[in-house]
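Just so you know, these numbers use all the heavy atoms, side chains as well, and skip hydrogens, waters and symmetry mates.
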Amino acid sequence: ANNMGADVMRWLYCSHRPEQNLLFGYNKGDETRRRFLIPLWNVYSFFVTYANLDGWSPDGGQHTPTTSPNPANAQLDEWILARLDETTLKITEALENYDPQRATVAAENLLDDLSNWYVRRSRRRFWKSEADADKEAAYATLYRVLVDMARLLAPMVPFMMEKMYQNLVRRVDPAAPVSVHHCFYPEADAGQLNYRLLDKMRLGIITAGLGRAARSAADIKLRQPLAQARVNVGTAQERDDLRELADVLAEEINVKQLDIVSAVGELVNYKVLPNNRLLGPKYGAEFPRVRAALLARDPAQVAELLQESGRVHLTVYGREVTLTDEEVLVQTESKGGLAVASDRGVTVAVDTELT
């Protein structure tokens, strides 16, 4: 895009923490370009390429946005629009508080979800030859996200957003404002956000990433189908959410079957130890008793309690002591034949046996 160098400089300055030194140079600028501006331009180019091939445009009422007849795709569309509104609120709050660095973090997280989940999960909808309601919904949804992102990011990357706006909006609607910088800033209503859907899809994205990480740790390429993956999460609601996403996750991890287990001890063996650096000064002479009480507990049970609530309660000579997840070190060892990855209360174990 024209003037990308100027936009790189702006994003570079906006995205650095003001209390830290900015090590300026060509490498830093190139890293910024590759991290954000090029991926955003690639999503825009993907949309424009396929919209032109299909002759799709948002004008004239001929392409009124519709809900996809495919329930999974309809949920995907609803989710990315909710992520757009969530990000709009975060960026608006950050800029109103003169905090552009926090605004860039929110924008980069949205782009990651848009590029690496929404577009990737929707590619077949754009690729198929027939122009049906599902394809129309995909075009209308991605169009809405790109136009609103152009308006959201215009103060920070003005030239690239102007180019996107002119092609996406002005080319099909001459009555629209002549520049993206003449548009009203996007607004969103926090009271209308579907937080349940946001949490559900965020959990699905984390789980898929952990499944791929487990495969990578076992040096098994993603293209190699495996028999099974097993997932443990902390709450009943999260387990229900993953069951609803089971088909998507099985495809993402490339396994024939995905099972949700209620006990994390089914996937790994645990060892728990006190964090001496924190507990020693805290309990002083009583520390050996606290340590003994912790080591007397079932390690899997302790790990599960820490995962669910971030705390574990111990009885030390008739007195209740509460330890936090920062005060207890949890070590895991995968069980035979399983490759395991864990993060943020989610554990994924992939069966590595090839049949």
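One finds no salt bridge joining Asp132 and Lys135 here, because no Lys/Arg side-chain nitrogen approaches an Asp/Glu carboxylate oxygen to under 4.0 Å. For the pair Asp148 and Arg83, the salt-bridge criterion is not met [side-chain N within less than 4.0 Å of a carboxylate O]. Salt bridge status for Asp7 with Lys163: absent, with no side-chain N to carboxylate O gap under 4.0 Å.
For the salt bridge (charged side-chain N to carboxylate O under 4.0 Å, His left out) with Glu251, the lone residue among Lys256, Arg212, Arg124 that qualifies is Arg124. The only option from Val157, Leu110, Leu111 that meets the side-chain contact (heavy atoms from CB on, under 4.5 Å) definition with Leu40 turns out to be Leu111.
For Glu108, the side chain to side chain contact (heavy atoms under 4.5 Å, CB included) criterion is met by Trp11, Arg35, Phe36, not counting sequence neighbours. Residues meeting the side chain to side chain contact (heavy atoms under 4.5 Å, CB included) test with Ser129, sequence neighbours left out: none.
In this structure, Asp189 places its CG atom where more than 12 heavy-atom neighbours from other residues, nucleotides or ligands lie under 6.0 Å away. The number of heavy atoms from other shown groups lying within 6.0 Å of OH (Tyr98) does not exceed 12.
Considering only heavy atoms from C-beta on, Ser122 comes within 4.5 Å of Leu76 through its side chain. Thr88 is listed as a side-chain neighbour of Thr92, based on a closest heavy-atom distance under 4.5 Å.
A donor-acceptor contact closer than 3.5 angstrom links the side chains of Asp134 and Asn73. Glu326 and Asn275 share no donor-acceptor pair across their side chains, judged by distance under 3.5 Å alone. Asn194 and Glu78 are linked by a side-chain donor-acceptor pair at a separation below 3.5 angstrom, with hydrogens and angles left out of the test. Checking Tyr50 against Trp56 by side-chain atom types alone, no donor-acceptor pair falls below 3.5 Å. Using modelled atom types, one finds a donor on one side chain and an acceptor on the other under 3.5 Å when comparing Asp241 with Gln237.
Side-chain atoms of Arg170 do not come within 3.5 Å of backbone N or O of Tyr165 as any donor-acceptor pair. Between the side chain of Arg215 and the main chain of Ile253, a donor-acceptor pair closer than 3.5 Å is present.
Between Tyr139 and Phe126, the two ring planes are perpendicular [angle over 60°; tilted spans 30° to 60°]. Using the six-membered ring where Trp is involved, Tyr13 and His16 have ring planes that are perpendicular, over 60° apart on the 30 and 60° scheme.
Distance check: Gln101 CD to Thr104 OG1 gives 5.0 Å after rounding to the nearest 0.5 Å.
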